[in-house]
K.L.:
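This is the structure I have questions about; it appears just below.
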2 protein chains.
Amino acid sequence: MEKPAISKPTLQRLPIYLNYLQSLPKSVKTTSAKQVALALGLNEVQVRKDLSVASPNGGKPKTGYEVEQLKEDLEEFLGYHHPKEAILIGVGKLGTALLSFTGFQQLGMKIFCAFDNDPEKIGKEINHIPIASVHEMKKICLERQIHIGILTTRPEPAQELCNWMLESGILAIWNFSTALLNVPENIIVHNENLAVSLAMISHQLDEQQKKESAV
Amino acid sequence: MEKPAISKPTLQRLPIYLNYLQSLPKSVKTTSAKQVALALGLNEVQVRKDLSVASPNGGKPKTGYEVEQLKEDLEEFLGYHHPKEAILIGVGKLGTALLSFTGFQQLGMKIFCAFDNDPEKIGKEINHIPIASVHEMKKICLERQIHIGILTTRPEPAQELCNWMLESGILAIWNFSTALLNVPENIIVHNENLAVSLAMISHQLDEQQKKESAV
DNA sequence: TAGATTGTTAATCGATTAACAATC
DNA sequence: TAGATTGTTAATCGATTAACAATC
């Protein structure tokens, strides 16, 4: 009855598998866990286990997985066929870049509307997405039952805008600002943290260079 | 003799601790693992263990950690006091947003030069960072011994530019493109993957809503 | 059939959490 | 001193990997 809860690491790898499958030439009709693992630097068994979670069709002994079918299964599992609507707050450089990115639709998300407080920007649109005043946020979100908010502002106004989002019925915040947001525990905050990425890269680089110089 | 290798999860949390400490009002002189854990939704022991890795000074029983000292220790550990130079390739919307971001210096990275193939852009600068032709990349990188490359192009030219980067002595690639890069195993690739973030958010949101409706 | 490949059960590994001794 | 808090050792938990049976 209960769908077995998918683990976080597995969930994170699914879009990566899909991306790999999409990168294959059309002539490739099937693939195997071994091939996928090799291409992505993962363990073969891990790939099989992950895929078995997301693909009800699975693979076949000897032949492996049908690429088209597997892509379909992963897309379905990840909800790409039923895009969720989102709003974006803060039409600065980063906000503009995200609004201009045409790939979200294929990733199961559609930015319905953007908000800013700059009269110069309000009323315009980017990539067919209208920019409205932040004061209209509540009305629009409640009306369309939008639950995802993308925050791309400076850190200073972030918390206040976050609070407005919560009043507007937003349940999940994709936070590109550097601010640490305070929210009730039923609200999801996903921090897109450049500092974390940089720390990883910088540390790995140091390790690598230590290794090289040791040779 | 050997510094004990820091675990990946710990390394990822260090910048988050630092960010929290920086968000504290100046009047707060000390803090405790308990407070930090509460603020960030983590386990208290985990915080202490993490901090003990990065802070040689540690905390004191009863009083906890000195905020200024701990910030200093974390910054030092994360290499923020000795910024590494990087290049950026692809001055589109996202590239421009990253070039305009003034916070990298504080995070231990300095973008030395950007590259593009659009004659309109070459010769200009953004945020005092010059934009040069991709054909100058090799010369500039080798001269200044730059080892980090930030890739913000469309997926189509990504692999070729990646290869050029490797010829230019780049050892770590921060990949914002959606392309899957093929590199030798001693080269570090860190994929900044919006699809992964979206999958997490979307799935958590579904879970949350399932939970709510079950009440 | 034999061999390749899947999917699953068992073993290992590593990270988190609990328990506790040390100390300011 | 008593109590709060640190740092560490031990126990638990969860994810990865290895072993293996099933099957096309």
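Below, chains carry the letters A, B, ... as their sequence lines are ordered, and counting in each starts from 1. All values reported here derive from a predicted model rather than from experimental measurement. Just the heavy atoms: all of them, side chains too, but no hydrogens, waters or symmetry mates, feed the values below.
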K.L.:
Can you measure Gln46(B) atom CD to dA18(C) atom P for me and round it to whole angstrom units?
P.N.:
11 Å
K.L.:
Provide, to the nearest angstrom, the distance between the NZ atom belonging to Lys49(A) and the P atom belonging to dA10(C).
P.N.:
11 Å
K.L.:
Taking salt bridge (Lys or Arg N to Asp or Glu O under 4.0 Å) as the definition, give me every residue that meets it alongside Glu68(A), ordered by chain and number, with sequence neighbours left out.
P.N.:
Lys71(A)
K.L.:
Report the distance from atom CD of Gln35(A) to atom C1' of dT5(C), rounded to the nearest whole Å.
P.N.:
11 Å
K.L.:
Measure CG/Asn57(B) against P/dT6(D) and give the value in whole Å, please.
P.N.:
15 Å
K.L.:
State plainly whether the residues Glu85(B) and Arg144(B) are in salt-bridge range, i.e. N to O under 4.0 Å.
P.N.:
yes
K.L.:
Five pairs at each end of the helix from dG3(C)-dC24(D) to dC24(C)-dG3(D): take the axis at both ends and give me the angle between them to 10°.
P.N.:
0°
K.L.:
In sequence, state the C-alpha distance, the side-chain angles, and the governing distance for Asp73(B) and Gln69(B), and then conclude on side chain to side chain donor-acceptor pair (under 3.5 Å).
P.N.:
CA-CA 6 Å; Asp73(B) 289 348; Gln69(B) 180 65 66; 3.0 Å; yes
K.L.:
By the side chain to side chain donor-acceptor pair (under 3.5 Å) test, which pairs, at least two apart or in different chains, include something from residues 168-180 of chain B?
P.N.:
Trp174(B)-Glu192(B), Asn175(B)-Ser177(B), Asn175(B)-Asn191(B)
K.L.:
Starting the side chain at C-beta, find the nucleotide from dT5(D), dA15(D), dT17(C) nearest to Ser32(B).
P.N.:
dT5(D)
K.L.:
Report yes if at least one side-chain N or O of Tyr65(A) is closer than 4.0 Å to OP1 or OP2 of dA4(C); otherwise report no.
P.N.:
no
K.L.:
Hey, is the main chain of Lys49(B) close enough, under 3.5 Å, to the side chain of Ser52(B) for a donor-acceptor pair?
P.N.:
yes
K.L.:
Under the salt bridge (Lys or Arg N to Asp or Glu O under 4.0 Å) test, which residues partner Lys138(B), sequence neighbours left out?
P.N.:
Glu167(B)
K.L.:
For Lys8(A) and dC13(D), give me the distance from atom NZ to atom C1', rounded to whole Å.
P.N.:
16 Å
K.L.:
Figure out the CG/C1' separation between Leu38(B) and dT5(D), and round it to whole Å.
P.N.:
16 Å
K.L.:
Can you tell me which nucleotide in dA15(C), dT6(C), dT6(D) comes closest to the side chain of Ala33(B)?
P.N.:
dT6(D)
K.L.:
Rounded to whole angstroms, how far apart are CG on Leu11(B) and C1' on dA15(C)?
P.N.:
15 Å
K.L.:
Is Asp116(B) reaching over with its side chain to a backbone N or O of Gly90(B), donor-acceptor style, under 3.5 angstrom?
P.N.:
no
K.L.:
Establish, from distance only, whether the side-chain atoms of Gln159(A) and Asn163(A) form a donor-acceptor pair under 3.5 Å.
P.N.:
yes
K.L.:
The criterion is salt bridge (Lys or Arg N to Asp or Glu O under 4.0 Å); which residues satisfy it with Glu76(A), sequence neighbours excluded?
P.N.:
none
K.L.:
Let me have a per-nucleotide readout for nucleotides 19-24 of chain D, 5' to 3', with B, S or -, counting only protein heavy atoms under 4.0 Å.
P.N.:
----BB
K.L.:
Using atom CG of Asn43(B) as one end and atom C1' of dG14(D) as the other, report the distance to the nearest whole Å.
P.N.:
15 Å
